[in-house]
Amino acid sequence: MSAAALLDRLGRPGDLRLGNARPAGVPRLSTGLPRLDVALGGGLPRGRLTELAGARSTGRTGLACVIAAAATRAGETIAWIDPENGLEPEAVANAGVLLTHTLWVRPRGERDALRAAELLIGAGGFGLVVLDLGSLQTAERGAPWPRLVQAAERTHSALLVVAAQRLAGACAALGLELHARHVHWSVGPGRLSLLAGIDAHLTIARSRIGPVGPALVVTQVCA
Amino acid sequence: MPRIACLLVPDFAIAAACRADPELAGRPLVLAETSAPHARVVAVARTARAAGVHTGHTIAQARAVVAGLTVRRRDPAAEGSASRALGDVAASMSDRLEVTADGAVFLDAGGVRHLATSERALATALVARAAKVGLEARAGLGGSMIVARLAALHAADGVEVVPAGTERGFLAPLPLGCLAPEAAIVATLERWGVRRLGDLARLPLAEVATRLGPSGAALVRTACGEDARPLAPQARADRVEETIGLEYTLDALEPLLFVLRGLLERIIARVGLEGVGCARLGLVLHLDDRSRDAREIALAAPTRDVRTLLGCLRVELEARPPRAAIARVQVSAVAETVRALQLGLFTPPGPSPERLATTLARLAVLCGTDRVGTPTVVDTHRPGAAATTPFVCASTDGLPGPSGAPGSPRDMVARDAPGRLVVRALRPPRPIEVFSDRGRPDFVRGTGLGGRVVGAAGPWRLAGEWWRANAYTRDYYDLELSDGGVYRCYRDGASERWFVDGIYD
């Protein structure tokens with residue numbers, strides 16, 4: 001990288017203007033989807049809790065994989081907490097996630113999953129921690145979330161909670177919801193049909209750092 | 001002419017006891033085989049000796065001589081650890097070393113001249129390194145093992161170097177007793193008026209051999225600075241080990257952790273001599289019921305952080321407490337080079353190796369060792385196969401560049417293109433009931449799912465691993481049900497039963 005490119009990236013001494021000080025914004029982690037990044041104001045907030053809620057087969061795991069892929073390819077080390085033991089390494093790798101940058105933790109049950117999340121966020125250095133509760137209905141609503149948020153603020157890890165519904169309430173800085181799913185089937189010659197993909201509407205249902213409202217249609221296709 | 005260095009700890013048993021329990025240092029201390037009043041004292045600290053206590057006294061006699069005398073049982077385990085620690089000090093300088101039973105260590109100083117500016121500097125460095133592992137040692141350097149040992153024993157300021165060719169002059173003023181000859185020979189030599197090694201060296205060898213036999217001849221040769229016994233290098237143990245026998249059995253975690261901290265600090269001091277870290281910890285607890293509790297803890301990254309290691313041991317002991325009180329503790333470590341972390345200018349830093357090691361150890365206890373790691377694609381066509389490998393922080397060198405190949409996942413992500421549909425596996429596959437209409441699945445019922453089939457694709461047959469006992473033949477379907485889910489279902493060819501093994505999510 002040339003000296004000029006380095007200066008462009010780091011900023012030149014002359015770029016500093018006195019009297020224009022603004023409060024620093026929340027650092028962001030790109031989602032890997034430019035339109036979603038624009039809607040969120042730059043990506044997922046680091047050091048905050050983001051919820052991704054959606055019913056079964058709305059593409060929530062696929063969307064989490066897209067975010068994880070963008071994070072790992074930016075050099076981040078990520079952790080994926082998977083109490084349902086549902087991750088398929090091959091599918092995740094095909095979605096673009098670098099497995100070498102991924103720590104996969106499979107706790108036995110929701111209580112251990114929350115404890116594992118606390119440990120991982122507290123350790124620091126993980127750019128993204130995905131707490132994939134899947135269809136688990138957490139009974140510990142409210143109690144663990146403030147601790148998780150405090151730990152995330154301290155270590156600047158982005159915490160993404162994937163679940164059937166939003167669980168963290170006021171502790172979440174951002175709440176994304178997937179709904180209005182549509183399944184596409186490709187129709188070939190004869191009676192041959194194949195699963196082509198799933199469309200779902202993504203809505204920013206809650207945000208303490210930006211506007212709320214419908215964001216985009218997330219399309220996921222079969223390989 | 002060989003050059004041999006000797007590292008020696010005076011009052012070795014006392015030094016080993018003080019190393020195991022630093023609070024004993026400076027106290028009037030004696031060691032005995034048992035704590036009974038009639039037990040004989042086997043080792044005496046300098047302060048107690050100055051007050052008049054000698055080996056061979058009973059404990060009751062020693063207590064009568066010195067008020068406030070501290071009596072401890074001799075701990076061979078602590079002495080063994082101290083001896084090995086001294087060996088590690090020597091090994092940090094030379095690979096050719098020999099550890100003797102009395103705790104002295106000899107090393108070949110001929111091949112390590114490049115490590116120090118002079119022989120005295122080498123001996124001084126050995127003494128300084130011994131101090132790091134908690135031993136107040138003396139160092140001597142000479143042309144033979146016996147000269148090096150006597151130089152260490154009679155060093156004025158802890159370090160003595162006998163230049164080559166001056167061995168006879170160095171030995172001449174030393175008393176005859178420092179060679180520990182047989183009592184009969186000592187009596188004869190005293191009758192002859194021989195009291196110093198210089199006197200002995202002046203005697204004609206053949207005449208002495210005629211009158212005193214081979215032992216006498218060997219004494220004369222030694223007094224002349226000759227030592228027929230060469231250095232016999234020993235192989236080093238692959239583990240650094242520290243052991244302590246406890247005065248009283250421990251049945252609570254906190255006191256045990258206090259003991260473990262001391263052991264770990266000493267282990268880290270030893271492995272730190274060579275600039276390496278601890279990659280694997282072994283803990284052996286000898287229990288009060290005469291059983292043995294052994295554990296092995298693999299660390300995510302080699303570390304020299306005692307807090308991290310202690311944290312790993314705490315987690316392990318909290319998860320699986322020993323079943324009886326603890327009488328003796330042994331901690332061992334496998335040393336490995338500490339990996340330096342190269343941070344990129346524009347890449348985010350990963351977890352610090354020490355914190356990561358503790359976190360992974362805690363996660364392993366929480367979830368199980370096989371449930372924490374890097375996801376790995378298994379070399380099989382069986383759907384849902386998954387495995388983990390131990391997690392290590394990956395470097396950022398192999399990251400894909402800014403532009404991926406067309407159609408690659410990188411390219412897909414960059415262009416905001418549709419993502420890949422991901423399957424969540426159900427492990428193990430759940431049995432379901434499928435009702436068919438004219439050969440096509442029409443209605444599905446199972447645990448946690450069920451409904452009318454809204455969309456379907458399939459079947460396609462998957463058969464594999466026919467060369468193994470668990471061969472499979474499955475007819476797969478993708479089924480969209482009225483409950484909102486899209487499922488990956490199959491009919492098992494052997495049992496004709498239906499299962500769901502994945503959800504498109």
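Sequence lines set the chain letters: A, B, ... in the order given, protein chains first and strands last, and positions in each chain run from 1. Values below: all heavy atoms of this structure, side chains included; hydrogens, waters and symmetry mates excluded.
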Margin query: With a 4.5 Å cut-off on side-chain heavy atoms, are B:T380 and B:E465 touching?
Written below: yes

In a table with atom names and distances, give each donor-acceptor pair under 3.5 Å that connects a side chain of residues 150-164 of chain A to protein atoms at least two apart or in another chain.
residue : atom : partner : partner atom : Å
A:T155  : OG1  : A:I121  : O            : 2.9
A:T155  : OG1  : A:A151  : O            : 3.0
A:S157  : OG   : A:F126  : O            : 2.6

Check: Is there a donor-acceptor contact under 3.5 Å from the side chain of B:Y472 to the main chain of B:R382?
Finding: yes

Margin query: With a 4.5 Å cut-off on side-chain heavy atoms, are B:L363 and A:L120 touching?
Written below: yes

Margin query: I'd like to know if B:D505 pairs up with A:R56 as an ion pair, taking the criterion as any Lys NZ or Arg NE/NH1/NH2 lying under 4.0 Å from an Asp or Glu carboxylate oxygen.
Written below: no

Note to self: Could you check whether any side-chain heavy atom of A:V92 comes within less than 4.5 Å of a side-chain heavy atom of B:P375, counting everything from C-beta outward?
What the structure shows: no

Notebook entry, point to check: By number, which residues in residues 428-436 of chain B have some heavy atom less than 4.5 Å away from chain A?
Noted result: none

Check: chain B: which of A:V105, A:L195, A:L63 shares the most heavy-atom pairs with it under 4.5 Å?
Finding: A:L195

Next item on the list: Anything in residues 82-89 of chain A with a heavy-atom distance to chain B below 4.5 Å? Please list those residues in order.
Entry: A:D82, A:E84, A:N85, A:G86, A:L87, A:E88, A:P89

Next item on the list: Please flag which part of A:A116 lies under 4.5 Å from any non-hydrogen atom of chain B: side chain, backbone, both or neither.
Entry: both

Next item on the list: Can you measure from CD1 (B:I297) to CG (B:L313) and round to the nearest 0.5 angstrom?
Entry: 4.5 Å

Checklist line | B:T376, part contacting chain A, at a heavy-atom distance under 4.5 Å | finding: backbone

Next item on the list: Using non-hydrogen atoms and a 4.5 Å limit, figure out which bit of B:L426 sits close to chain A: side chain, backbone, both or neither.
Entry: neither

Checklist line | Close side-chain approach of B:F443 to B:L481, heavy-atom, < 4.5 Å | finding: no

Checklist line | With sequence neighbours excluded, residues passing side chain to side chain donor-acceptor pair (under 3.5 Å) with A:D199 | finding: A:H184, A:T219

Next item on the list: Please state whether the side chain, the backbone, both or neither of B:A385 comes within less than 4.5 Å of a heavy atom of chain A.
Entry: backbone

Note to self: Shorter than 4.5 Å, heavy atoms on both sides: which option in B:A386, B:G502, B:A387 has the most such pairs with chain A?
What the structure shows: B:A386

Next item on the list: Look at the side chain of A:T58 and the backbone N and O of A:A200, then say whether any donor-acceptor pair between them is shorter than 3.5 Å.
Entry: no

Notebook entry, point to check: Which class fits the ring pair B:Y476 and B:W460: parallel under 30°, tilted 30 to 60°, perpendicular over 60°?
Noted result: parallel

Next item on the list: Using a 4.5 Å cut-off on heavy atoms from C-beta on, say whether the side chain of A:L133 contacts that of A:L167.
Entry: yes

Check: Out of B:A456, B:G448, B:G384, B:G368, which one racks up the most heavy-atom pairs below 4.5 Å with chain A?
Finding: B:A456

Check: Who wins among B:L366, B:V372, B:L449, B:T374 for the most heavy-atom pairs under 4.5 Å with chain A?
Finding: B:L366

Item checked: Side-chain donor or acceptor of B:R314 paired with backbone N/O of B:L257 under 3.5 Å -> no

